[in-house]
**Q** 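One structure, pasted below without further comment.
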Amino acid sequence: MTTLAPSPSRVRAITSRNISALRSGPEYWVTVLSGVFEPLMYMLAMGVGLGSLMTSGHWTVDGKEVSYLQYIAPAMLASAAMSGAVSETLIHFFFKLRYQHTFEGMLATPIRPVDIVAGELLWALIRSAAYIAVFLAVIATLGVTTPARALVVFPAGFLVSFAFGALGMVVATRLRGPQDFDAVVVGQLALFLFSGAFAPLSRYPEPLHTLAALLPLYHGVELVRGTAFGHLSLALAGHAAYLLALGVGCLTWTARRIELGDD
Amino acid sequence: MTTSSLAVMERHLIAYRRLWKSSALSAVLTPVLFMVSIGVGVGGFVDEVDGVPYLAWIAAPLLLSAVFQQTAQESTSRVFHELNTTRTVHAIVATSAGVRDVLVGRLLYLMIRVQFSTVCFLAIAACFGAVRSWWILAEPLVAAAVAIATALPLTALASTITDDTYLPAVSRLITVPVVLFSGILFPPTKLPEWAAAAVYASPLWHGVDLARAAALGQRPDWPLWAHIAVLGVWSAAGYALSSRILHRRVYDGNS
């Protein structure tokens, strides 16, 4: 079973290839930077725009009253962590695999599939970490979190990226082609809209409420919101365990699948 | 509309047979997900807007946002690939069809998709009590006008792009902000003046105002002629620009 362990130097080679792709011109930079723009736009439109239609006093975290903008801001961090990771490991990974044939050249060298999986995931995590850092600055400015608590929020966001990065790879290996892209986009939108980012899940009627509580981004949002507001509880450990198990499970599954070569 | 335009439309419909299930489902599901997530989840905390419950206030506009997104996707990524990857556009103009047929044929094909999702979504929105007037029958017209005023300018833009890495950025920097700020979830009057002015320039806002007025049986914020004028200007300018750019790309050999 030694074949399942990635080699650190080869993983580093895969990750550096992605980093050097940034030097090829402005295109990739525009893509990476625009990824953080989208959740920021959501935060402004919902938090400021929609928030202006509400009377105050509805939104509380841990019994403390907060503004709607403060309520959704940490959730947007979780969402940015998710989309940063997923846009690399799902769609971009699929294009490299199927259309750009990026991995074929690599596999002609001593690099093995498992190194590629680990290297691409590592790059996805680096990209998400940059998004998380931007949002940490945003939520600190909004008074949601303090620099000390940010030290806990960062790994919480990182865990969200890890879980979704690994989940994205599982989906990428299952995609048949462009006919599945719509389903991927709607799936990601559903995770986002029913993550409890915009309203507590208890606002939804019953079958929907329970279903939404099983979705992974809900656990990400709860974890990030809880740590950001410094509301530490045992439930947070549960959310973290859920995300960790999801990430490890998906990663193992992908590595096995690639090792078996059943493509 | 010529036989060649219809042939182009038919070509797109044939290619769509492989994609239509997930595509049609996502076109209907996207506004429904927003309606339930925001309308039901957040709507209870929002006071009535213009004397209407929040869910009903956003339902018809959400349809327009889905129409806009569907059209934007079709007019950016798809146009890009047909010009650069599959070069379908070059193949089409190698026949008796011209650039005009490329544009009109694609619009006709889009109309079929847009009208399908409009009817499906309105049926669902009616179940949520969000359809309150017979003026709703005008909704397909509004959806068509927004689709045309969106498709043509974006086709012009996509025809100038030669690197597909820019495509996600077009979606995140243009489509998403337009959807979020075009008066669907909150009125543009809540924005600072400069931002509101930008919103009034977007074709989506004009469709949103008309769609909301039709669904609720209210008077639109702007007079009808003003909406028609703005949508008309976007469509005409988009047509002029996209046909010129496409012409250059496919006939001048510098593609």
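Residue numbering restarts at 1 for every chain, and letters A, B, ... go by the order of the sequence lines.
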**Q** Let's test your reading of the structure: which of B:L33, B:T85, B:L19 forms the most heavy-atom pairs below 4.5 Å with chain A?
**A**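 Among B:L33, B:T85, B:L19, the one with the most close pairs to chain A is B:L33.
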**Q** Under a 4.5 Å heavy-atom cut-off, does chain A meet the side chain of B:V42, its backbone, both or neither?
**A**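 Contact with chain A involves both backbone and side-chain atoms of B:V42.
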**Q** Run the ring-centre check on B:Y16 versus B:Y109 and record whether the distance is less than 6.0 Å.
**A**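 Between B:Y16 and B:Y109, the centre distance is under 6.0 Å.
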**Q** Which answer fits A:L208, side chain, backbone, both or neither, if we ask what part of it has an atom under 4.5 Å from a heavy atom of chain B?
**A**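 Just the side chain, heavy atoms under 4.5 Å.
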**Q** Based on non-hydrogen pairs under 4.5 Å, which of B:S23, B:P177, B:P187 is most in contact with chain A?
**A**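 Looking at each of B:S23, B:P177, B:P187 in turn, B:S23 comes out on top.
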**Q** When the ring planes of A:Y99 and A:F94 are compared, do they come out parallel, tilted or perpendicular, using 30° and 60° as the limits?
**A**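 Because their plane-to-plane angle is over 60°, the rings of A:Y99 and A:F94 count as perpendicular.
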**Q** So what's closer than 4.5 Å to chain A heavy atoms on B:V170: side chain, backbone, both or neither?
**A**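 Contact with chain A involves no heavy atom of B:V170 at all.
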**Q** Parallel, tilted or perpendicular: which one describes the rings of A:F192 and A:Y42, with boundaries at 30° and 60°?
**A**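 Perpendicular.
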**Q** With a 4.5 angstrom heavy-atom cut-off, could you sort out which part of A:S202 is near chain B: side chain, backbone, both or neither?
**A**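 When you check distances to chain B, no heavy atom of A:S202 falls under 4.5 Å.
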**Q** Pick whichever of B:I38, B:L25, B:L191 has the most heavy-atom pairs under 4.5 Å with chain A.
**A**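 Of the candidates given, the most pairs with chain A belong to B:I38.
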**Q** Is it the backbone or the side chain of B:F45 that comes under 4.5 Å from a heavy atom of chain A, or both, or neither?
**A**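 Both the backbone and the side chain of B:F45 come within 4.5 Å of chain A.
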**Q** Are any of the side-chain heavy atoms of B:L157 and B:I174 separated by less than 4.5 Å?
**A**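 Yes, at least one pair of side-chain atoms sits under 4.5 Å.
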**Q** Relative to chain A, which segment of B:F34 carries a heavy atom at a distance below 4.5 Å: side chain, backbone, both, or neither?
**A**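 Both parts, heavy atoms under 4.5 Å.
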**Q** Of the backbone (N, CA, C, O) and the side chain (C-beta and beyond), which part of A:F37 lies under 4.5 Å from a heavy atom of chain B, both, or neither?
**A**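 It is the side chain, since no backbone atom gets that close.
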**Q** Give the member of A:V186, A:L189, A:L201, A:L53 that has the highest number of heavy-atom pairs under 4.5 Å with chain B.
**A**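 Highest number of pairs under 4.5 Å: A:L53.
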**Q** Measure the acute angle between the ring planes of B:H227 and B:W222, then classify it against the limits of 30° and 60° as parallel, tilted or perpendicular.
**A**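 Parallel.
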**Q** Which atoms of B:P188 are under 4.5 Å from chain A, going by heavy atoms: the side chain, the backbone, both sets, or neither?
**A**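 Contact with chain A is absent: no heavy atom of B:P188 under 4.5 Å.
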**Q** Between B:R11 and B:E82, is there a side-chain N and carboxylate O pair less than 4.0 Å apart?
**A**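 Between B:E82 and B:R11 there is a salt bridge, with a charged N closer than 4.0 Å to a carboxylate O.
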**Q** Heavy-atom cut-off 4.5 Å, strictly under: side chain, backbone, both or neither for B:L185 against chain A?
**A**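 Both the backbone and the side chain of B:L185 come within 4.5 Å of chain A.
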**Q** Mind checking whether A:H209 and A:Y204 have ring centres under 6.0 Å apart?
**A**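 Between A:Y204 and A:H209, which both carry aromatic rings, the centre distance is not below 6.0 Å.
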**Q** Parallel, tilted or perpendicular: which fits the ring planes of A:F95 and A:F181, with parallel below 30° and perpendicular above 60°?
**A**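 Judged by the thresholds at 30° and 60°, the geometry between A:F95 and A:F181 is tilted.
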**Q** Looking at A:A212, A:S34, A:G177, which one has more heavy-atom pairs under 4.5 Å with chain B than the rest?
**A**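 Of the candidates given, the most pairs with chain B belong to A:S34.
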**Q** Any non-hydrogen side-chain atom of A:Y71 less than 4.5 Å from a side-chain atom of A:M46?
**A**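 Counting from C-beta outward, A:Y71 and A:M46 never come under 4.5 Å.
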